[in-house]
Structure formats: structure tokens, C-alpha cells
Amino acid sequence: MAGRVDLDGNPINPMTICMIGAGGFIGSHLCEKLMSETQHTVLAVDVYSDKIKHLLEPTSLPWNGRIQFHRINIKNDSRLEGLIKMADLTVNLAAICTPADYNTRPLDTIYSNFIDALPVVKYCSENGKRLIHFSTCEVYGKTIGAFLPEESPLRQDPAYFLLSEDASPCIFGPIEKQRWSYACAKQLIERLIYAEGAENGLEFTIVRPFNWIGPRMDFIPGIDGPSEGVPRVLACFSNNLLRHEPLKLVDGGHSQRTFIYIKDAIEAVSLMIENPARANGHIFNVGNPNNEVTVKQLAEMMTQVYSKVSGETPLETPTVDVSSKEFYGEGYDDSDKRIPDMTIINRQLGWNPKTSLWDLLESTLTYQHRTYAEAVKQAMSKTTTN
Ligand SMILES: NC(=O)c1ccc[n+]([C@@H]2O[C@H](COP(=O)([O-])OP(=O)(O)OC[C@H]3O[C@@H](n4cnc5c(N)ncnc54)[C@H](O)[C@@H]3O)[C@@H](O)[C@H]2O)c1
Ligand SMILES: O=c1ccn([C@@H]2O[C@H](COP(=O)(O)OP(=O)(O)O[C@H]3OC[C@](O)(CO)[C@H]3O)[C@@H](O)[C@H]2O)c(=O)[nH]1
């Protein structure tokens, strides 16, 4: 750890980082990395701490004192400004970011992703503090290619689907498709941050994650989250596999995604934190363009991998089709395809993802099986005996 230098060979000085949303999936991995590989101090802000409790206790851990947990709801807590003032850098991860909420809780979604982020931007700008704000690949919405006829050869041309920070438009559906409440709120906060940079000199970096997945993502319904809750696809499919039930393919599972292993993505965030001169003023796609699959292919691969890591035989019919209206309710819509252009992050930070989809699913599903299989078995046997 001693003598660590940045990408330009300058020594990295320890800094204090106010991390809002530190108790979530990405926050927990970022805290782990900062504690085990750097000398930085983290002021961890969240309403939950379960996913970072291994870092907070016992007090004898080598990073004792370098991470402090502040149970704060940023909607209504005057302590936030003080924490931002104490820090050199603020990383804002806090958000409602599960698609099942976008059309069913659109107001909460818009408040969480826009209104609640406003004071964070304001305090950083007024106090001359650097901000790394987490946006989303969803700001791109649908691809231009999605509007071409199905059989058009142009659909194969990257110009019609590659998502580039400085060139691609943001294409959302109509207002009644409330799915886009999240993407639209994220887009507006990006524009506000950009404007604070341009008009008031805010030092900012915007991160657009493309489907980061790995251990500790979301929850397993009825085990460590609500029974009727609908998490993101990795946890939905893990839940189906753990319960030995078919994986549900929304509208046939034709949508395409690129998935990246959380540990690869965290490397990129770490480079942004420690290389401000290269990261400030930029918007970065962070994804793995080599790991593209349809959701149906993802379901098939997860079924195969889970069988390998659990030793269980897959179901004869491993998937079942379900309409989006039935699964998510009225107002759902979808991004058709998401491949990140990597030009800017390559140029600024020289970063590339490493882990294949098969390998990341193998380590993630090993974790899911080890963490949840017994609890799911017990919960299921209770339901059948009652
Ligand atoms: N995981 C991904 O692939 C992905 C993709 C695109 C964008 N993002 C963005 O990255 C960020 C983090 O995502 P994640 O996957 O870790 O989600 P997450 O839900 O696991 O983490 C978000 C955390 O923010 C906290 N939070 C929310 N509102 C809060 C409030 N008012 N006060 C205090 N804490 C609050 C939550 O308790 C949670 O722990 C989000 O902004 C999300 O939109 C993530
Ligand atoms: O049981 C299921 C659950 C989901 N699907 C479909 O899978 C696709 C991906 O779904 P999910 O990972 O839940 O979410 P999205 O990729 O659509 O959106 C996320 O992207 C980034 C982020 O901003 C934060 O993580 C979030 O908005 C989708 O097509 C579902 O319909 C399924 O078939 N079965």
C-alpha cells in the first residue's frame, strides 16, 4: 500500500470520502476496496448498513477508524452538509434504482433520483468539493436502431446502437410509460451537475453504470427482502434457481444487456477517485461490451452455471414467458440494447473490464448458493407445512 502513485506517477495522498448510499450493492464493494487497498477514510452515509457490517465490526480490523457509518436519510437530515464539508470528495450512489419501482412508484423515483440529489450537488458546489455522481446507462433509453424495421441491415451497424457519452441521443418513451421516470430524473440531474461545472466551476465526474452485477446485489424475496418485492434480474433469476422454479422471461426475454462484474467496475471507480485531473469534467460509461446477451440467453447461462455450482439438475422447462404488464404492471417499457462505447474511459483512465460473463456468473452464483440455499429451503418447507 505504501508509495502508491496515480496514473501520472504522482503520489496518492490519503483523502476523506463522503460516500452516500455506501450501504448498497455498489457502495459495499467500493468501501471494501477502499478499506483493503488504500489509506482513504470513508464517511459512509446510508439508511442501511447490513451490506457493510463486516467492515464496521469488529473494531480490531486493520482499517479500524478509517470507516465511520452515519445512519442518515439524505431527504431530511441537516448533518449532510457537515459531512460533505469534512470530506475532500463526495460519491453519491443513493437512489431508488430497481425497475419495478419506476412505473409503480414514479414520484418516489423522481424525488430520489433528482430532488434528493439536489442538496448534494449544491453543497459540493458551494463548498468547492469534488463530486462523483452515479447516473445510469438508462439515460440513453432506446437505441436509434430500435426504430428501424426488424429486417434492416443497418441494425448491425454500430452507428445505430453503440452508446457514446458525447454523441448518442437520450431516447425515452411517452410520459404514460412511467418506466422512463428514472432515466429522465437521472438525465436532469446530470444536466444540472454539468451546468454547475460550466457556470460555477464544480469539479465533477458522472458515472453511467451498464448492468454491474455480483454478490450482495439487491435481495432474495422473502429471505432478506419483502416476499412480494421485485429486485433486478440477477436476483430475480437467482431466486427462481434457489427455489427450483422456472425463470420468468419478460416479454420473451428478447432485450439485450451487457453485464459487467462488480469487481471490474469498482477498479474503474477507484481510478476516477485517485486521478481527479483525468476524471474531472467527464461522463464515463462503465460496462463490458464483450458480455452481451439477450435476457433469454442470460437465463439459460445462469441455469447451466447454477447447476454446476449447486450440483442440482436443472428443470426440464427452465424458463417461462410472462408479459411485462403482468410482471411489472402498467407503464413498463424497456431498453432494447445497451453496448457501451469505451473510447472515453480508455483514453482518460486506460481502463478495460476483464471478467467473462460465464466467470462472473460462476463466482456470483457460488455466493448466492452459499448465502441463501439453506434459508430458502427452510422458508419453503415452512410454507408447505403451514
Ligand atoms: N448496479 C447497477 O448496475 C447500476 C446501474 C445503473 C445505475 N446505477 C446507479 O448506481 C447507484 C447505486 O446503485 P446500487 O446498484 O448500489 O443500488 P442499491 O439500491 O444497492 O444502493 C443504493 C443505496 O442508496 C441508499 N439510499 C437510497 N436513498 C437514500 C436516502 N434518501 N438516504 C440515504 N441513503 C439512501 C439505499 O439505502 C441503498 O443502500 C444508483 O444511483 C443507481 O442508480 C447502478
Ligand atoms: O425476472 C426477470 C427480471 C427482469 N427481466 C428483464 O431483464 C432485463 C434486465 O432487468 P433489470 O436488471 O432488472 O433492469 P434493467 O437492466 O432494465 O435496468 C437497470 O439497468 C441499470 C439500472 O439503472 C440500475 O441497475 C436499472 O434501471 C429487462 O429486460 C427485464 O425486463 C426478466 O426477463 N425477468
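Just follow the structure's listing: the first ligand is 1, and inside any ligand the first atom is 1. Everything numeric here is computed off the predicted structure, so don't read it as measured data.
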Quick check: does [X] get an N/O under 3.5 Å from an N/O on ligand 1?
X      : result
Trp212 : yes
Arg232 : yes
Tyr182 : yes
Ile26  : yes
Ile20  : no
Cys137 : no

_Is the distance from the ring center of Phe204 to that of His133 below 6.0 Å?_
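No; His133 has its ring centre 6.0 Å or more from that of Phe204.
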Would you please indicate yes or no on a ring centroid separation below 6.0 angstrom for Trp212 and Phe134?
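Aromatic pair counts; centres sit under 6.0 Å.
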What atoms of ligand 2 come within less than 4.0 Å of a heavy atom belonging to [X]?
X      : result
Ser255 : 29 (O)
Cys97  : 24 (C), 25 (O), 26 (C)
Tyr328 : 3 (C), 4 (C), 5 (N), 30 (C), 31 (O)
Arg232 : 12 (O), 13 (O), 24 (C), 25 (O)
Lys248 : 1 (O), 2 (C), 32 (C), 33 (O), 34 (N)
Leu249 : 33 (O)
Asn211 : 12 (O), 16 (O), 20 (O)

Going by the order shown, which atoms of ligand 1 are within less than 4.0 Å of some heavy atom of [X]?
X      : value
Gly21  : 23 (C), 24 (O), 25 (C)
Thr136 : 6 (C), 7 (C)
Ile74  : 30 (C), 31 (N), 32 (N), 33 (C)
Ile72  : 32 (N), 33 (C)
Gly23  : 39 (O)
Tyr48  : 37 (O)

When you check the gap from the basic side-chain N to the acidic O, do [X] and [Y] get nearer than 4.0 Å?
X      : Y      : result
Lys296 : Glu300 : yes
Lys122 : Glu196 : no
Arg232 : Asp218 : yes
Glu292 : Arg338 : no
Lys177 : Asp334 : no
Asp8   : Arg278 : yes
Glu362 : Lys308 : yes
Arg208 : Glu190 : yes

I need the contact type for [X] against ligand 1. Using non-hydrogen atoms and a strict under-4.0 Å cut-off, is it side chain, backbone, both or neither?
X      : result
Lys186 : side chain
Ser112 : neither
Arg208 : neither
Phe134 : both
Asn211 : backbone
Phe259 : neither

Side chain, backbone, both or neither: [X] near ligand 2, heavy atoms under 4.0 Å:
X      : answer
Tyr332 : side chain
Trp212 : neither
Val250 : both
Phe210 : neither

For [atom], grab the closest protein heavy atom and report residue, atom and distance to one decimal in Å.
atom                    : answer
atom 14 (O) of ligand 2 : Pro99 CG, 3.3 Å
atom 20 (O) of ligand 1 : Phe25 N, 2.8 Å
atom 11 (P) of ligand 2 : Val233 N, 3.6 Å
atom 38 (C) of ligand 1 : Asp46 OD2, 3.5 Å
atom 5 (C) of ligand 1  : Pro209 CB, 3.5 Å
atom 30 (C) of ligand 1 : Asn73 OD1, 3.5 Å
atom 11 (C) of ligand 1 : Leu93 O, 3.2 Å

Between OG1 on residue Thr303 and CZ on residue Phe237, distance to nearest 0.5 Å: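 The OG1 atom of Thr303 sits 8.0 Å away from the CZ atom of Phe237.
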Can you tell me how far CG of Asp116 sits from CG of Asn92, rounded to the nearest 0.5 angstrom?
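Taking CG in Asn92 and CG in Asp116, the distance rounds to 9.5 Å.
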Is the closest N or O pair between Thr136 and ligand 2 shorter than 3.5 Å?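 So ligand 2 has an N or O lying under 3.5 Å from an N or O of Thr136.
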* To do: May I ask you to check whether Gly253 has an N/O atom sitting below 3.5 Å from an N/O atom of ligand 2?
  =>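 For ligand 2, there is no N or O atom that lies under 3.5 Å from one belonging to Gly253.
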- Message: In terms of relative ring orientation, are Phe172 and Trp180 parallel, tilted or perpendicular, with 30° and 60° separating the classes?
- Response: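 Answer is parallel, since the angle falls under 30°.
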### Query
Going by the angle between their ring planes, with limits at 30° and 60°, are Phe25 and His29 parallel, tilted or perpendicular?
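Perpendicular.
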Heavy atoms only: which of [options] lies closest to [atom]?
atom                    : options                        : value
atom 1 (O) of ligand 2  : Pro209, Ala100, Cys236, Ser135 : Cys236
atom 29 (C) of ligand 1 : Ser28, Gly24, Cys97, Ala94     : Ala94
atom 9 (C) of ligand 1  : Ala95, Ser135, Ser49           : Ser135
atom 16 (O) of ligand 2 : Lys296, Arg257, Met217         : Arg257

